[in-house]
Visitor: 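The structure's right below; bear with me while I get my questions together.
Here is how names work: the chains are called A, B, and so on, in the same order as the sequence lines, proteins then strands, and each is numbered from 1.
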Number of protein chains: 2
Amino acid sequence: MTQSPWDRSLAVTTDIVIFTIRDRKLELLLVRRAAAPFQGQWALPGGVVGPDEGLKACATRALDEQTGVSGVYLEQLYTFGDPGRDPLRRVISIAYYALVPSDRLELRASAAPQAVGWFALEQLPPLAFDHCEIVALAHHRLVSKLTYSTIAFQFMGEKFTLSELQAVHEIILAQRVDKRNFRKWALALEQIEPTGEERRDGKHRPAQLYRLKFPGRVEIIR
Amino acid sequence: MTQSPWDRSLAVTTDIVIFTIRDRKLELLLVRRAAAPFQGQWALPGGVVGPDEGLKACATRALDEQTGVSGVYLEQLYTFGDPGRDPLRRVISIAYYALVPSDRLELRASAAPQAVGWFALEQLPPLAFDHCEIVALAHHRLVSKLTYSTIAFQFMGEKFTLSELQAVHEIILAQRVDKRNFRKWALALEQIEPTGEERRDGKHRPAQLYRLKFPGRVEIIR
DNA sequence: AATTATTAGTGTATAAAGTACACTAAATTT
DNA sequence: AAATTTAGTGTACTTTATACACTAATAATT
């Protein structure tokens, strides 16, 4: 088999859409590009796949290096590889998406502070490459998985109230949800259990705290 | 940016799981490998992504070259890229799956006849690389899409009867389906319409023929 | 100490969707 | 003419989803 015409121009990378919920908004993490092309523009974090590195391992590493977050939900989304998506070379990019609980979104200090930031999905700056399309697909996947899986539970911290879980659903779906029906649904899944503790905040009745029975596990339902 | 250590060893390919239904079985197309590694073993058809070729274009081309079939349903499945999945070099493979109507599965004459063949999913020979895993994922995707989309309609020829459509569902799900409930469901989707013609075969009442209202279109339902 | 404000927590009735089920109709073969 | 085979049709029941309003417990205010 002869050498392909690739040799000096092909790159395989991962791009990661890192979602979190902050301040009652669905947000994602962007980094400012240091190099050409699109120098200075915002882009999805990601990295080049190393010679002996698995694809998910590459995404995990990029996530850790650029946010300091590890151990969060990470799933392959889609692979983008149209010629011309990078003006300088042919890039095949395996896109992942990650869900980060809101109690773990302090960015690693080593990352240059103004080079990384959280942005509300509804108010994104112009993005490099075809990253806008990747974000749109990730958002679509997230919304659709919400209705047939327990994926939203991955946004929760170690302990959470049912109202907080409901708020996550409402924010992602961008619509109100009935409280009694939601609780009936969430408890019937048998994926969460009360810790016995309560959370007191604000001038109102304290709320029961729950935890995931199987942290990191996402159930397909129905 | 310096040259990566890839240069003489990385390949990006597509692999395609081509499903059809023949003889009341779910079958898929395999090719016998001409070259090392796994020379002489059965493998999924596929091809190397060309320097200016899109990923789906590569899969479409490989499908056409190896089966003579074109214009069928083709969807990206998942990207496999673990180091070591090919013993000779690093290969990133974007897997697709295709659905071929049973009235179009004559293989192109140019393909060496004993180098290509249809195999029942339940009786596959040993496969090269991690292709067994790819097939398993494609099958899982197919079964699960069956329940929330009109994907199975893509197995049908231009004109088909409701009994034939029902048989496709039964074969993929590997279980019987109630005739009246199935027809109620299929017609309520408003994706098919009667042609006005009938199909007569066998010593029994002829069946109304239907066609897709929107050929090639797969609706997400629920 | 009493009042006010705020979120937590609970059940029932109705609507919609899914499932189970059996006979008649129309053609071909004998 | 009878037998065989698949096409075609409706209703009752079960399960799931949806709509909806009040009491409970705490903190802050008076």
Visitor: Determine whether more than 12 heavy atoms belonging to other residues, nucleotides or ligands lie under 6.0 Å from atom CZ of A:Arg200.
Guide: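 Counting other residues, nucleotides and ligands, CZ of A:Arg200 stays at 12 neighbours or fewer.
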Visitor: Nearest whole Å is fine: how far is D:dT6 C1' from B:Leu165 CG?
Guide: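 Going from B:Leu165 (CG) to D:dT6 (C1'), I get 16 Å.
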Visitor: List every contact pair, protein side and nucleotides 26-30 of chain C side both N or O, where the distance is under 3.5 Å.
Guide:
unit_1: C:dA26; atom_1: N3; unit_2: B:Arg205; atom_2: N; d: 3.1
unit_1: C:dA27; atom_1: N3; unit_2: B:Lys203; atom_2: O; d: 3.4
unit_1: C:dA27; atom_1: N3; unit_2: B:His204; atom_2: N; d: 3.3

Visitor: Near B:Glu198 CD, under 6.0 Å, is it more than 12 heavy atoms from other residues, nucleotides or ligands?
Guide: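 Atom CD in B:Glu198 is crowded, with more than 12 foreign heavy atoms closer than 6.0 Å.
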Visitor: Rounding to a whole Å, what distance do you find between B:Arg222:CZ and D:dA17:C1'?
Guide: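 Rounded to the whole Å, the gap is 14 Å.
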Visitor: Report the C-alpha distance between A:Glu219 and A:Arg217 in whole Å, list the side-chain angles of each, state the deciding distance to 0.1 Å, and finish with yes or no for salt bridge (Lys or Arg N to Asp or Glu O under 4.0 Å).
Guide: CA-CA 6 Å; A:Glu219 290 288 310; A:Arg217 182 159 134 190; 2.7 Å; yes
Visitor: Within a reach of under 6.0 Å around CZ of B:Arg222, are more than 12 heavy atoms found that belong to other residues, nucleotides or ligands?
Guide: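 Yes.
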Visitor: Please state how far atom OH in A:Tyr210 lies from atom C1' in C:dA8, giving the value in whole angstrom units.
Guide: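 Taking OH of A:Tyr210 and C1' of C:dA8, I get 10 Å after rounding.
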Visitor: Specify the residues of residues 177-194 of chain B, ordered by number, for which at least one heavy atom lies under 4.0 angstrom from an atom of DNA chain C.
Guide: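 Nucleic-acid contacts, sorted: B:Asp178, B:Arg180, B:Asn181, B:Lys184.
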Visitor: Tell me: CD of A:Glu164 to P of C:dG9, nearest whole Å?
Guide: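 Going from CD in A:Glu164 over to P in C:dG9 covers 10 Å.
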Visitor: Just wondering, more than 12 heavy atoms not from B:His204 lying within 6.0 Å of its NE2?
Guide: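 Check passes, neighbour count above 12.
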Visitor: To the nearest Å, give me how far apart CG (A:Leu162) and C1' (D:dA25) are.
Guide: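 Going from A:Leu162 (CG) to D:dA25 (C1'), I get 16 Å.
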Visitor: OP1 or OP2 of D:dA7 less than 4.0 angstrom from a side-chain nitrogen or oxygen of B:Ser163, does that happen here?
Guide: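 So the side chain of B:Ser163 is within the cut-off, an N or O lying under 4.0 Å from OP1 or OP2 of D:dA7.
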Visitor: Quick one: do A:Asp15 and A:Ser93 satisfy side-chain hydrogen bond (donor to acceptor under 3.5 Å, both in side chains)? Show the steps, please.
Guide: CA-CA 7 Å; A:Asp15 288 316; A:Ser93 181; 2.6 Å; yes
Visitor: Is it the case that the side chain of B:Gln66 and the backbone of B:Gly46 share a donor-acceptor pair, with hydrogens and angles ignored and the cut-off at 3.5 Å?
Guide: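 Yes; at least one donor-acceptor contact below 3.5 Å.
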Visitor: From CZ of A:Arg199 over to P of C:dG9, roughly how many Å is that when rounded to an integer?
Guide: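 These atoms are roughly 11 Å apart.
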Visitor: Using atom types as modelled and distance alone, determine if a side-chain donor or acceptor of B:His131 lies under 3.5 Å from a backbone N or O of B:Ala43.
Guide: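 Checking the backbone N and O of B:Ala43 against the side chain of B:His131, no donor-acceptor pair under 3.5 Å is found.
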Visitor: Given A:Arg183 and A:Ser163, is the side-chain hydrogen bond (donor to acceptor under 3.5 Å, both in side chains) satisfied, shown in steps?
Guide: CA-CA 9 Å; A:Arg183 284 164 185 243; A:Ser163 294; 3.3 Å; yes
Visitor: Between P on C:dA20 and CZ on B:Arg176, what's the gap in Å once rounded to a whole number?
Guide: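 Between P of C:dA20 and CZ of B:Arg176: 14 Å.
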